[in-house]
A.B. asks: 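Structure incoming, see below.
Below, each value reflects all heavy atoms present in this structure, side chains not excepted, and no hydrogens, waters or symmetry copies.
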Amino acid sequence: MNTKTLVSCKINDTDTDFLCEPRQSLLECLRDVLSLTGSKEGCNDGNCGACTVILDGRIVDSCLVLGVEAQGKQIITIEGIATAEGLHPLQQAFLEQAALQCGICTPGFIVAAKGLLDREPKADEHRIRHWLAGNLCRCTGYDKIVRAVLQAEEMQAKKK
Amino acid sequence: MAEKGDKAKAMAGGTDILVQLRADRFRIERLVDVKGVPEMMEISYSKKDGLTLGAAVPCYKVYENKEIAKAYPGLYDSASLIGGIQIQSRASIGGNLCNAAPSGDAIPTLIAYQAIANIQGPKGKRSVPAEQFCTGPGKNILEPGELLVSLKFPAPKAGTGANYLRFIPRNEMDIAVAGAGVSVVLANGAIASARIALASVAPTPVLATEAMQYLAGKAPTDEHVERAAELAKKAAKPITDMRGTIEQRIHLTGVLTKRALRTAISRAKEA
Ligand SMILES: Cc1cc2nc3c(=O)[nH]c(=O)nc-3n(C[C@H](O)[C@H](O)[C@H](O)COP(=O)(O)OP(=O)(O)OC[C@H]3O[C@@H](n4cnc5c(N)ncnc54)[C@H](O)[C@@H]3O)c2cc1C
Ligand code: FES
Ligand code: FES
């Protein structure tokens with residue numbers, strides 16, 4: 001059971017190979033094998049969203065994906081959100097709106113929100129709240145997070 | 001799978017099984033990812049033949065499919081209620097049925113639509129109606145080595161409407177305290193037939209047969225809907241636990257059945 005499997009995938013646009021045990025989650029692989037520690041472990045059972053990554057264009061909880069399932073897939077983590085020019089509008093807006101306190105939930109929120117903005121750049125507040133229901137924050141009370149996402153939408157629209 | 005018998009388990013989206021394995025609910029020697037099997041990922045719909053839904057198709061592929069949303073609104077309701085967006089990227093309707101939780105949000109809908117579970121195993125294929133699939137909390141009729149391959153939904157008859165509703169303490173992301181999945185067929189201004197399946201009020205999802213029989217042939221009026229909801233409460237044999245009491249669950253069953261019937265009837269009129 002403990003023989004390791006070689007997994008080849010694309011992480012943040014870079015071809016990546018890693019070895020993992022069949023039982024390891026994608027989150028464990030990212031953090032412990034690949035030292036991509038931006039994705040956080042909150043609950044390890046799919047409830048908090050702190051481990052959110054984009055897998056082939058869909059947001060998933062990486063704690064509920066096996067590392068071996070990444071074979072041949074495209075993965076975006078929080079480390080891949082910023083662009084060559086600097087912070088992603090979501091990152092900038094989270095800072096400006098003070099949408100974080102302890103920050104544990106923040107990578108998950110930003111990746112999840114990116115998953116939304118990539119598909120629906122004009123999502124309204126209601127849609128944003130619904131989309132982010134799989135992400136928990138124990139500090140901020142969500143309002144600032146939602147405002148930050150709305151601001152990021154405006155920033156993106158202006159850029160275009 | 002066959003080789004490891006009950007030490008092997010299937011995984012579709014993994015949103016139940018990975019959590020259960022991590023909590024040491026049981027130990028297995030092999031986990032088989034069924035998403036690689038093409039039949040498990042099939043979605044095919046036609047007006048004439050109905051819908052064949054592969055057992056491992058994730059929820060988002062169900063509710064983002066316009067044809068399915070239109071032809072099977074109750075299925076749309078269930079698929080968009082399970083977990084949050086991250087969970088819906090992975091969780092399957094088939095996994096929801098196989099997991100056989102009394103609270104499974106897809107199961108009443110499968111029963112209301114008279115879906116058939118297509119099963120394949122070492123001894124061959126068999127087909128079982130959804131309402132016979134769950135045998136107890138977390139238990140189903142699959143023999144070791146058997147897999148659920150797909151769910152077959154009959155083509156909706158003209159004038160069919162359906163709805164699934166549940167009650168949860170939070171707005172999203174919670175386990176149903178009670179749920180009701182209903183379908184109705186209207187013909188010549190009357191209810192030709194109705195099906196009502198209830199979640200979280202018994203060890204398995206149950207059909208409210210008395211209420212169903214009552215509605216057959218009745219006019220789709222509020223009065224009859226209310227009477228049917230009262231009868232549905234009789235089918236509920238819930239327990240008291242941390243999520244709700246017996247009294248609350250029976251009351252909720254009535255309320256949810258009534259509301260789901262009303263929505264199903266108005267959808268049937270538009271269909
Ligand atoms: C945060 C969170 C929120 C959730 N919210 C809800 C909710 O609101 N409503 C709800 O009903 N559920 C909810 N769930 C539970 C779960 O997401 C659903 O039951 C889901 O539909 C399971 O599908 P899956 O594909 O992930 O199943 P898996 O975990 O892959 O499998 C579930 C079970 O079915 C078996 N199985 C899977 N596929 C097959 C097959 N083809 N043949 C034979 N056996 C098979 C597996 O061995 C396992 O025992 C939630 C879970 C989490 C973690
Ligand atoms: S750590 Fe994955 S959802 Fe909480
Ligand atoms: S900032 Fe602390 S959990 Fe969100």
A.B. asks: Atom CD1 of B:Ile85 and atom CZ of A:Arg119: how far apart are they, to the nearest 0.5 Å?
C.D. replies: 8.5 Å
A.B. asks: Considering residues, nucleotides and ligands other than A:Arg138, do more than 12 of their heavy atoms fall under 6.0 Å from its CZ?
C.D. replies: no
A.B. asks: Looking at A:Gly115, A:Ala112, A:Gly49, A:Cys63, which one has more heavy-atom pairs under 4.5 Å with chain B than the rest?
C.D. replies: A:Cys63
A.B. asks: If you apply the rule side chain to side chain contact (heavy atoms under 4.5 Å, CB included), what do you find for A:Leu64 with B:Ile87, and how did you get there?
C.D. replies: CA-CA 9 Å; A:Leu64 290 187; B:Ile87 297 293; 4.0 Å; yes
A.B. asks: Count the heavy atoms of every other residue, nucleotide or ligand shown that sit under 6.0 Å from CD of A:Glu79, and state whether that count exceeds 12.
C.D. replies: yes
A.B. asks: Between atom CG of A:Asn47 and atom CD of B:Gln86, what is the distance when rounded to the nearest 0.5 Å?
C.D. replies: 10.5 Å
A.B. asks: Measuring heavy-atom distances to chain B, does A:Val68 have an atom under 4.5 Å in its side chain, in its backbone, in both, or in neither?
C.D. replies: neither
A.B. asks: If you apply the rule side chain to side chain contact (heavy atoms under 4.5 Å, CB included), what do you find for A:Asn44 with B:Arg22, and how did you get there?
C.D. replies: CA-CA 9 Å; A:Asn44 214 19; B:Arg22 220 161 272 161; 3.3 Å; yes
A.B. asks: Select one option (side chain, backbone, both, neither) describing which atoms of A:Ile54 are under 4.5 Å from chain B's heavy atoms.
C.D. replies: neither
A.B. asks: Between B:Glu64 and A:Arg58, is there a salt bridge with N-O shorter than 4.0 Å?
C.D. replies: yes
A.B. asks: Do other residues, nucleotides or ligands put more than 12 heavy atoms under 6.0 Å from A:Lys40 NZ?
C.D. replies: yes
A.B. asks: Looking at B:Arg259, I want to see if its CZ is surrounded by more than 12 non-hydrogen atoms of other residues, nucleotides or ligands under 6.0 Å.
C.D. replies: no
A.B. asks: Hey, could you give me the CD1/CG distance between B:Ile17 and A:Leu66, rounded to the nearest 0.5 Å?
C.D. replies: 10.0 Å
A.B. asks: Donor-acceptor pair, B:Ser89 side chain versus A:Val60 backbone, under 3.5 Å?
C.D. replies: no
A.B. asks: If you draw a 6.0 Å radius around NZ in A:Lys144, do more than 12 non-hydrogen atoms from other residues or ligands fall strictly inside?
C.D. replies: no
A.B. asks: Could you tell me whether B:Tyr76 atom OH has more than 12 heavy atoms of other residues or ligands within 6.0 Å of it?
C.D. replies: no
A.B. asks: Working to the nearest 0.5 angstrom, can you tell me the gap between A:Arg23 CZ and B:Leu18 CG?
C.D. replies: 10.5 Å
